[in-house]
Chemist: 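One structure follows; several queries about it will come next.
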Amino acid sequence: MVTGDAAYIKKINRSLIIRKIVKEGMISRADLSKATNLTRATISAQVADLLEEGLIIETQLEHFAVGRKPIMLSLNGQAGYALGIDLDYGQISFTLSDLLGCPVTSNISQINTTDYNEILHLLIQQIKMLTTDFTNSRYGIVGIVIGIHGLVTKDEVIHYVPRFNWHNINLKNDLEREIDTAIYLENNANLSSFAERVYVHHETDNLLCATLYSGIGLGMMMNNEFLRGHDGFAGEIGHMIVVPQGKPCNCGNKGCWEKYASESSFFEHLSEKRQIKSLTYDHIQSWLDEGDEEVQDLMEQFLFYLSIGLNNMINMYNPDLLVLDSELLRMYPDSLNKISENLNSSISHYRELMITTIGKKSCVLGACALAIKKFLDVPMLNLSYEMKTNQFRSAII
Ligand SMILES: [Zn+2]
């Protein structure tokens with residue numbers, strides 16, 4: 001710390017105050033002073049600056065029982081917007097949220113190409129359109145986070161995206177040449193785990209989120225930070241071998257977990273058996289409703305292999321909470337209890353196993369939340385989800 005550097009100290013205090021306001025959602029000046037150990041005078045001066053900058057707002061509590069109604073401070077959600085993008089195979093989802101993480105607009109572009117230049121062009125076009133549409137706020141678009149379904153290095157270079165067959169691509173640089181807003185790239189499973197932590201599970205600092213759609217991705221939030229490994233590639237848990245000499249996988253090995261416990265493997269297997277090329281969740285739901293034994297057996301097998309991998313993950317990471325992101329698990333009755341019954345080793349320790357309440361949009365919501373976190377420069381965010389769900393739905397419809 002630079003002793004006597006007043007500007008530096010002011011900056012530290014400012015950050016501390018923003019962190020507390022974000023953490024509490026709403027707080028009075030007096031409580032802010034207690035929570036930060038800063039004097040009332042310092043709080044007053046800093047709060048005046050933040051109000052002037054439009055970053056926070058004052059609200060008077062109407063239903064305060066006794067005495068003077070306190071004036072509360074909270075983040076000004078309307079001060080700017082965050083843009084989250086989910087760059088998935090076949091479609092790109094864009095969601096723009098306010099600074100409280102509340103989606104204000106969403107759209108999905110279907111893509112039938114994996115060509116990098118075509119996709120880059122589309123991204124630039126969409127981002128430019130959204131940024132010009134939302135310039136009428138104090139800070140405009142404060143940041144853009146793009147979810148990548150593949151390996152992203154710590155320097156945010158795309159190392160490999162299997163379904164696009166992209167190798168060593170610097171999308172961040174290519175976009176920054178055209179767009180004058182902070183841009184960040186992050187692995188999709190990491191963003192899903194971040195959304196779970198920020199929007200739903202405020203109670204924990206140690207959370208794993210396994211996404212089971214095309215392949216299996218694992219987002220790991222340990223002590224409220226992403227666990228990335230040496231290169232940034234940690235979490236490629238779908239390629240853990242669970243069946244020696246089992247089904248061949250694109251990665252070059254045999255018997256990888258995602259060949260047995262991802263939704264894509266389940267769909268592949270079932271569509272082969274039923275000779276239906278484009279299976280949907282609706283097909284599966286109606287067969288389950290009819291009590292179709294073959295489909296039930298396949299689901300039981302899916303749960304069995306899923307449990308094997310989860311057991312290994314729990315022993316490796318000792319999470320507090322494990323969130324499973326899967327539509328099939330949401331559809332199959334009692335799936336969570338069935339998995340829990342398989343996780344009965346005396347060594348495995350975790351507090352709770354849950355199925356996601358956010359679902360497939362967790363990547364894009366996590367992207368918005370991460371852009372907000374970076375803009376505010378806070379260690380963690382707690383945003384509310386109930387409101388978001390409804391607004392998100394209405395935006396999509
Ligand atoms: Zn593999």
Side-chain angles (χ1 to χ4, degrees), residues 1-84 96-102 104 131 134-145 180-184 194 197-199 202-203 205 223-225 368-385 387-388:
M1 184 170 160
V2 186
T3 316
D5 185 340
Y8 182 76
I9 292 169
K10 197 177 169 195
K11 199 176 157 206
I12 297 280
N13 289 344
R14 175 192 162 92
S15 167
L16 187 60
I17 289 167
I18 293 175
R19 285 171 189 207
K20 284 291 169 200
I21 294 173
V22 169
K23 186 166 180 249
E24 299 301 326
M26 243 187 195
I27 189 166
S28 68
R29 284 175 176 78
D31 287 343
L32 203 48
S33 170
K34 276 184 221 151
T36 57
N37 283 329
L38 295 172
T39 65
R40 291 293 295 269
T42 304
I43 295 288
S44 271
Q46 289 268 5
V47 164
D49 285 351
L50 291 170
L51 285 167
E52 174 71 30
E53 291 166 33
L55 207 52
I56 61 171
I57 46 169
E58 289 181 316
T59 317
Q60 191 149 37
L61 283 188
E62 287 300 327
H63 304 291
F64 203 68
V66 201
R68 209 155 52 110
K69 291 171 189 165
I71 293 171
M72 306 297 279
L73 305 165
S74 55
L75 191 67
N76 179 11
Q78 312 307 312
Y81 299 95
L83 177 56
L96 202 76
S97 81
D98 65 19
L99 288 189
L100 296 174
C102 192
V104 289
T131 41
F134 286 85
T135 45
N136 60 344
S137 62
R138 183 83 178 240
Y139 295 94
I141 308 265
V142 299
I144 301 167
V145 172
D180 192 24
T181 308
I183 292 170
Y184 309 95
F194 190 66
R197 166 60 189 81
V198 167
Y199 284 102
H202 299 165
E203 80 285 1
D205 298 340
N223 297 320
N224 276 340
E225 300 211 353
C368 289
L370 189 60
I372 298 168
K373 177 182 177 291
K374 285 176 184 290
F375 170 67
L376 296 174
D377 193 22
V378 290
M380 187 39 73
L381 287 171
N382 290 341
L383 303 172
S384 121
Y385 182 63
M387 180 177 63
K388 313 294 168 305

Chemist: Which heavy atom in Leu99 sits nearest to a heavy atom in Ile372, and how many Å separate them?
Modeler: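 Closest approach of Leu99 to Ile372: O-CG2, 3.5 Å.
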Chemist: Nearest heavy-atom pair of Thr181 and Ile141: which atoms, and what distance?
Modeler: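 Minimum heavy-atom separation between Thr181 and Ile141: CG2-O, 3.4 Å.
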Chemist: What closest approach, in Å, do Leu383 and Ala369 show between heavy atoms, and which atom pair accounts for it?
Modeler: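 Looking at all heavy atoms of both residues, the shortest contact is CD1-CB, 4.3 Å.
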Chemist: Is the backbone of Gly54 close enough, under 3.5 Å, to the side chain of Asn76 for a donor and an acceptor to pair up by distance?
Modeler: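 Looks like yes, one N/O pair under 3.5 Å.
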Chemist: Using a strict cut-off of less than 4.0 Å between a Lys/Arg side-chain nitrogen and an Asp/Glu carboxylate oxygen, indicate whether Glu58 and Arg29 qualify as a salt bridge.
Modeler: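 Answer for the salt bridge query: yes.
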Chemist: Which heavy atom in Gly143 sits nearest to a heavy atom in Ala371, and how many Å separate them?
Modeler: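 Scanning both residues completely, I find the closest heavy atoms to be O-CB, 3.7 Å.
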Chemist: Among residues at least two apart in sequence or on other chains, which ones pass side-chain hydrogen bond (donor to acceptor under 3.5 Å, both in side chains) with Glu225?
Modeler: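 For Glu225, no residue satisfies side-chain hydrogen bond (donor to acceptor under 3.5 Å, both in side chains) once neighbours in sequence are set aside.
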Chemist: So Leu83 and Val142, do their side chains get closer than 4.5 Å, heavy atoms only?
Modeler: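 In short, these two side chains do not touch, never coming nearer than 4.5 Å.
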Chemist: Measuring from atom CE of Met380 to atom CG of Asn223, what distance do you get when rounded to the nearest 0.5 angstrom?
Modeler: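 Going from the CE atom of Met380 to the CG atom of Asn223 covers 10.5 Å.
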Chemist: Would you say that Ser33 contacts Ile43 through its side chain, given a criterion of any heavy-atom pair below 4.5 Å between the two side chains?
Modeler: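 A side-chain contact exists here, since the closest heavy-atom pair is under 4.5 Å.
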Chemist: Is there a side-chain contact between Ile12 and Leu16 (heavy atoms, below 4.5 Å)?
Modeler: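 Ile12 does not reach Leu16 side chain to side chain.
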Chemist: Going through the distances and angles, do Arg40 and Ser44 end up as a side-chain hydrogen bond (donor to acceptor under 3.5 Å, both in side chains)?
Modeler: CA-CA 6 Å; Arg40 291 293 295 269; Ser44 271; 5.8 Å; no
Chemist: CG of Leu55 to CG of Leu73: how many Å apart, nearest 0.5 Å?
Modeler: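 Answer for the CG-CG pair, Leu55 versus Leu73, is 11.5 Å.
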Chemist: Given side chains that start at C-beta, do those of Leu381 and Leu376 come closer than 4.5 Å, heavy atoms only?
Modeler: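 The answer is yes; the side chains approach within 4.5 Å.
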Chemist: Of all heavy-atom pairs between Thr39 and Thr42, which one has the smallest distance, and what is that distance?
Modeler: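 Residues Thr39 and Thr42, closest heavy atoms: OG1-OG1, 2.7 Å.
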Chemist: How long is the span from the CG atom in Asn13 to the OG1 atom in Thr36, to the nearest 0.5 Å?
Modeler: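 If I round to the nearest 0.5 Å, the distance is 7.5 Å.
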Chemist: I'd like to know if Arg14 pairs up with Glu53 as an ion pair, taking the criterion as any Lys NZ or Arg NE/NH1/NH2 lying under 4.0 Å from an Asp or Glu carboxylate oxygen.
Modeler: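 Glu53 and Arg14: salt-bridged.
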Chemist: Looking at Lys10 and Asp49, does any basic side-chain N land under 4.0 Å from a carboxylate oxygen?
Modeler: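 A salt bridge is present here (some side-chain N lies under 4.0 Å from a carboxylate O).
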Chemist: Pick one: which of Ile57, Ile18, Leu75 meets side-chain contact (heavy atoms from CB on, under 4.5 Å) with Leu50?
Modeler: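 Checked Ile57, Ile18, Leu75 against Leu50; only one passes side-chain contact (heavy atoms from CB on, under 4.5 Å): Ile18.
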Chemist: Can you tell if the side chain of Ile71 reaches within under 4.5 Å of the side chain of Thr59, non-hydrogen atoms only?
Modeler: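 No, every pair of side-chain atoms sits at 4.5 Å or beyond.
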Chemist: Any pair with a residue in residues 368-378 that passes side chain to side chain donor-acceptor pair (under 3.5 Å), sequence neighbours left out, goes on the list, sorted by first then second residue, please.
Modeler: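 Pairs touching residues 368-378 that pass the test: none.
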Chemist: May I ask you to test the Ser137-Gln78 pair for a side-chain heavy-atom distance under 4.5 Å?
Modeler: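 No, too far: nothing below the 4.5 Å cut-off.
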Chemist: Has Gln60 got more than 12 heavy atoms of other residues, nucleotides or ligands less than 6.0 Å from its CD?
Modeler: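 Yes - once you tally the heavy atoms of other residues, nucleotides and ligands closer than 6.0 Å, there are more than 12.
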Chemist: With Ser74, which residues qualify under side-chain hydrogen bond (donor to acceptor under 3.5 Å, both in side chains), at least two apart?
Modeler: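 Not a single residue meets the side-chain hydrogen bond (donor to acceptor under 3.5 Å, both in side chains) criterion with Ser74.
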Chemist: Determine, using ring centers only, whether Tyr81 and Tyr139 are less than 6.0 Å apart.
Modeler: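 When the ring centroids of Tyr139 and Tyr81 are compared, they turn out to be at least 6.0 Å apart.
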Chemist: Between Val198 and Asn382, is there a side-chain heavy-atom distance shorter than 4.5 Å?
Modeler: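 Sidechains of Val198 and Asn382: no contact.
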